[in-house]
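These notes concern the structure reproduced below.
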Amino acid sequence: MGIETKEHIIELKHIKKCYVKDTPVIYDFNLSIKKGEFVTFLGPSGCGKTTILRMIAGFEKPTGGEILFNGQDISKLPPNERQINTVFQKYALFPHLNIYDNIAFGLREKKMPKDQIEEKVKHVLEVVDLEGFEKRSVSSLSGGQQQRIAIARAIVNEPKILLLDEPLGALDYKMRQEMQLELKSMHRELGITFVFVTHDQEEALTMSDKIVVMSNGMLQQIGSAEEIYHRPANAFVADFIGESNIFNGKKTSRNTVHFAGADFSCVDAYPKGTLVDAMVRPEDVILSAQSEGKLRGKVISSIFKGKYYDVTVLSGKNEIIAQRDEGMKIDSEVGVDFKTDAIHNMPSDMMVNHMEGILDDNMRLRLVDGSIPVNIENIFPEYEIRDQKVYDKNGATVSTEGMKISVSFPSEKAELSDDPVKGYFQGHITDIIYKGDHYNYCIVSRNQVEYSVDDEYLWNIGDYVSIVIPDEALQFHPVTEHDIQ
Amino acid sequence: MKKFYLKRSTLGIPYILFLSLFVIAPLIIICYYAFTNGAGQFTLQNLTAFFTSGDAIGTLIYSLLVAVVTTIVCLLIAYPVAFILAKGGYKRGNVLLMLFIMPMWINFTLRITALKEILTLLEGNLAFHPFLNTILGMTYDFLPFMILPLYNTLVKIDSSYTEAASDLGAKTSHVFFKVILPLSIPGIVSGVTMVFLPAMTNYVVLDMMYNSTYIMGSLIGSYFNAYDWNNGSLISLILLILMLIISWITGEFTDSDETTGGAYE
């Protein structure tokens, strides 16, 4: 423990955050950041990454859990008592102060002698390459220059941690790339721990030692850029980072996986029969003559992307994207294969669409998002229903009210509808993953229950949909005391 | 046939007419009367008369006093109100603001009469505290004009500025005095101008509060009522110049603050 706390400058333990009571935006979030690391929080907008950053800075207080700074809980400290500085998304340079006064703000708060302040401001302006800007006003600076001043204003205080909240979002592409490299070299020179927030995966891959991928307030994966790109933990990460082909697959033996209509060799530890999401990066797809390759298909589009072509092939019902040096004629017949070891299998999330509820007196199962009818005779074959009463095999009445029952359904059996009353559950689409011949949707209900549904049709993120589940797809199981433990 | 094109400058004609008729021309007329005597001959006598008359100077000082005190009282009441409404995080902040602004929709004389009745009830006779009653009446009358610009400025101050200040180590009081207060100066300036100028001339309040002391407004009124247009015009002109100086000073203050700021300490 002693060594560990020395090594970790900041530790987030069981962090939970609710803006509205009982609707958490951050669930149980755990993360340790080592001293001197460049850590990036990456995720789509609204995934909670900025909220975490604001909690580290002290602008928000966590609803639960603790934030340890060098082993001490700082979650209740106001921002001005933390040795942490922030570079804001829109810079937040004080418009009523000139550049010198902006940078000197923090030092004056520390009551530093005047000549020392002058020296430090001068030095930090050299670091950000804006010597002689002391007397300029904020409004006379370009976006890129304001960005540098914002960084200077933060690092002049020599914080232990520098937080950067999408600081490059407002800059144009060229400038952004330049600043990425500069930030990285600044990190190397200063030796300060950088915590960076972005939704731009390229930015994250370029700069970070460690990337924390988030979605819907939950941590998806922590790893280096290479790990996250080549060995994503789940289909969400695979889809979010870079381009990918993702298929529903099943292990057919220790070394083979079946998807898109063929068996492919693969290397992983999952036993035969495991349901997996199989991912192949477009650069690992080989398009060849029709006679070669395990799959066969037809080119449906070929788009020039500068360094390469994106060629999309329709094989059966699956669309497969390949990156190639040369384009291909549309409608040409091709063979499709994958490079050896290019297939990365991820276990499908088996816990989704799995809910527990309590039977009411009308033989309906009460769940968080509503109730569904239950056929008692299917769950308990020994029971019998007569006149809306349940009898056991000895003919005695059984009270089913209050029984705990779990229900689950496979995502491919359910479908989406825009008619809110058509399905049992309703919610907004929060994620879409394209899987060859269908889309996998993540739907979050008003009560924060997550559902996963496969649908052929394209819906949009944010759409309000209802989830239609055929009765035969619902699988009920009684929950015994043993299960609860 | 030549087509008629509406030029952009053509659109300005009605406004130019309006401005020259109702702003420029009256100014010229005031200037003319201020520097002539009853017979229409040029003279500086009105000017010297004003600055040598103890009564006139006394009225000027009394007006300034009323205006300054009213402005300060309004500012002291309005700033916290505007601040709480803008930054207090009330869901219905604008409804609360409306409640403060609503008295403006009620007739001014009616409001002052009501206040007068209340004050009479409390003080017995209004004549005991003429200055206090005047300030109370003016504050009640002008407070919304101070709250509104302050609220508008404060509500626009991005929370990232205050967050940045506390992030840089400033405690709550420093965040206020080093960031929020300087950033709200434009609101203070427009609030002050909205209150100070009318407070110097609004003699109706004094009349209704039985305050028999003259302020600049009543002085001008008395001259014009006596058909002495020359002296009346001169005093109006003096008041105008005074206002110009005040707005120049306040304007200068905000400008300098934006460009050079607190400069080097």
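Note on naming: letters A, B, ... go to the chains in the order of the sequence lines (proteins, then strands), and numbering restarts at 1 for each one.
- A tilted orientation is assigned to the rings of B:Phe22 and B:Phe18, their planes being inclined by 30° to 60°.
- Cation-pi check for A:Arg136 over A:Phe133 is met; the charged atom lies under 6.0 angstrom from the ring centroid and within 45 degrees of its normal.
- Taking chain B as the reference chain and counting heavy-atom pairs below 4.5 Å, the highest number among A:Val156, A:Val87, A:Thr86 is found for A:Thr86.
- A:Leu107 does not touch chain B: none of its heavy atoms, backbone or side chain, sits under 4.5 Å away.
- Taking the six-membered ring wherever Trp is involved, the centroid distance between the rings of A:Phe88 and A:Phe59 falls below 6.0 Å.
- Only the side chain of A:Arg54 comes within contact range of chain B, judged by heavy atoms closer than 4.5 Å.
- Ring orientation note: the planes of A:Phe94 and A:Phe105 are tilted relative to one another, at an angle of 30° to 60°.
- The existence of a salt bridge linking B:Lys171 and A:Glu109 is excluded, since no basic side-chain nitrogen approaches an acidic carboxylate oxygen closer than 4.0 Å.
- Heavy atoms of B:Asp167 lying under 4.5 Å from chain A belong to its backbone as well as its side chain.
- Of the listed residues (A:Ile84, A:Asn80, A:Asn85, A:Leu163), the greatest number of heavy-atom pairs within a distance under 4.5 Å of chain B belongs to A:Asn80.
- Residue contact with chain B, scored on non-hydrogen atoms closer than 4.5 Å, involves the backbone of A:Leu93 exclusively.
- With a threshold of 4.5 angstrom between heavy atoms, A:Asn157 approaches chain B through side-chain atoms but not through N, CA, C or O.
- Note: A:Phe196 and A:Phe41 fail the aromatic proximity criterion, with ring centroids not under 6.0 Å apart.
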